[in-house]
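What follows is a single structure, written as C-alpha cells, with notes after it.
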Amino acid sequence: MSPATAAETDPDGRLFESSANPLADVRQALGRAVDGDRLALIVLGGNWCHDSRALAARMNRSPLAEVIEQHYELVFVDAGYLDKGRDVMQQFGVEQYYA
C-alpha cells in the first residue's frame with residue numbers, strides 16, 4: 001500500500017491489519033523493494049496502541065510520505081498484544097521487543 005493510499009484509508013494510523021501470515025507479507029515487501037531498487041521499512045505495532053497509530057499516521061503525511069514512497073517499500077505488521085509478529089522478529093535476529 002502506498003503512503004498516500006494508506007493516509008487516505010485511515011488518517012488516524014490504524015494501519016496494522018491482522019494477517020494470516022505476516023512473515024509472508026514481509027517477504028513480499030522485501031521482494032517488491034528489491035524489484036523497485038528500494039529499501040524495506042517494516043513497522044511492527046498495533047491499532048490498539050496510540051504510539052503505533054501516531055507513528056503510522058506521521059509516516060503517511062507529507063513530507064515524510066513522499067520520502068518513504070520514493071525510497072522504501074513500507075509494510076505494517078500487526079504485533080497484536082505482543083502475541084503476533086514474533087516470526088518476523090526472529091527472521092531479522094531480534095530476540096525480543098517491547099510495547
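Along the sequence shown, residues are numbered consecutively beginning with 1.
Side-chain N/O atoms of Gln70 and Arg38 include no donor and acceptor closer than 3.5 Å.
Atom CD1 in Ile68 sits 8.5 Å away from atom CZ in Arg58 (nearest 0.5 Å). The CG atom of Asp37 lies 12.5 Å from the CD atom of Glu73; values are rounded to the nearest 0.5 Å. Leu55 contributes atom CG, which lies 12.0 Å from atom NE2 of His50 (distance to the nearest 0.5 angstrom).
By the salt bridge (Lys or Arg N to Asp or Glu O under 4.0 Å) test, Asp78 is found to be paired with Lys84, residues two or more places apart in sequence or in another chain being considered. Residues meeting the side-chain contact (heavy atoms from CB on, under 4.5 Å) test with Gln90, sequence neighbours left out: none.
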Review point. When you look at Val77 and Ile42, which way does the side-chain contact (heavy atoms from CB on, under 4.5 Å) test go after all the steps?
Key: CA-CA 7 Å; Val77 176; Ile42 303 160; 3.9 Å; yes

Practice item. Determine, stepwise, if the pair Gln91 / Val26 fulfils side-chain contact (heavy atoms from CB on, under 4.5 Å). Key: CA-CA 10 Å; Gln91 173 72 33; Val26 168; 5.9 Å; no

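At a threshold of 4.5 Å between non-hydrogen side-chain atoms, the residues Met89 and Leu44 count as touching. Within the 4.5 Å cutoff, no side-chain heavy atoms of Leu15 are placed close to those of Val43. The shortest side-chain heavy-atom distance between Ser52 and Asn47 does not fall under the 4.5 Å cut-off.
Ring orientation note: the planes of Phe76 and Phe16 are nearly perpendicular, at an angle over 60° on the 30°/60° scale.
Cluster membership for Val67 and Met59, using ILVMFWY side-chain heavy atoms within less than 4.5 angstrom, is not shared. Residues Val88 and Val34 are members of separate hydrophobic clusters, defined by side-chain heavy-atom contacts under 4.5 angstrom among Ile, Leu, Val, Met, Phe, Trp and Tyr.
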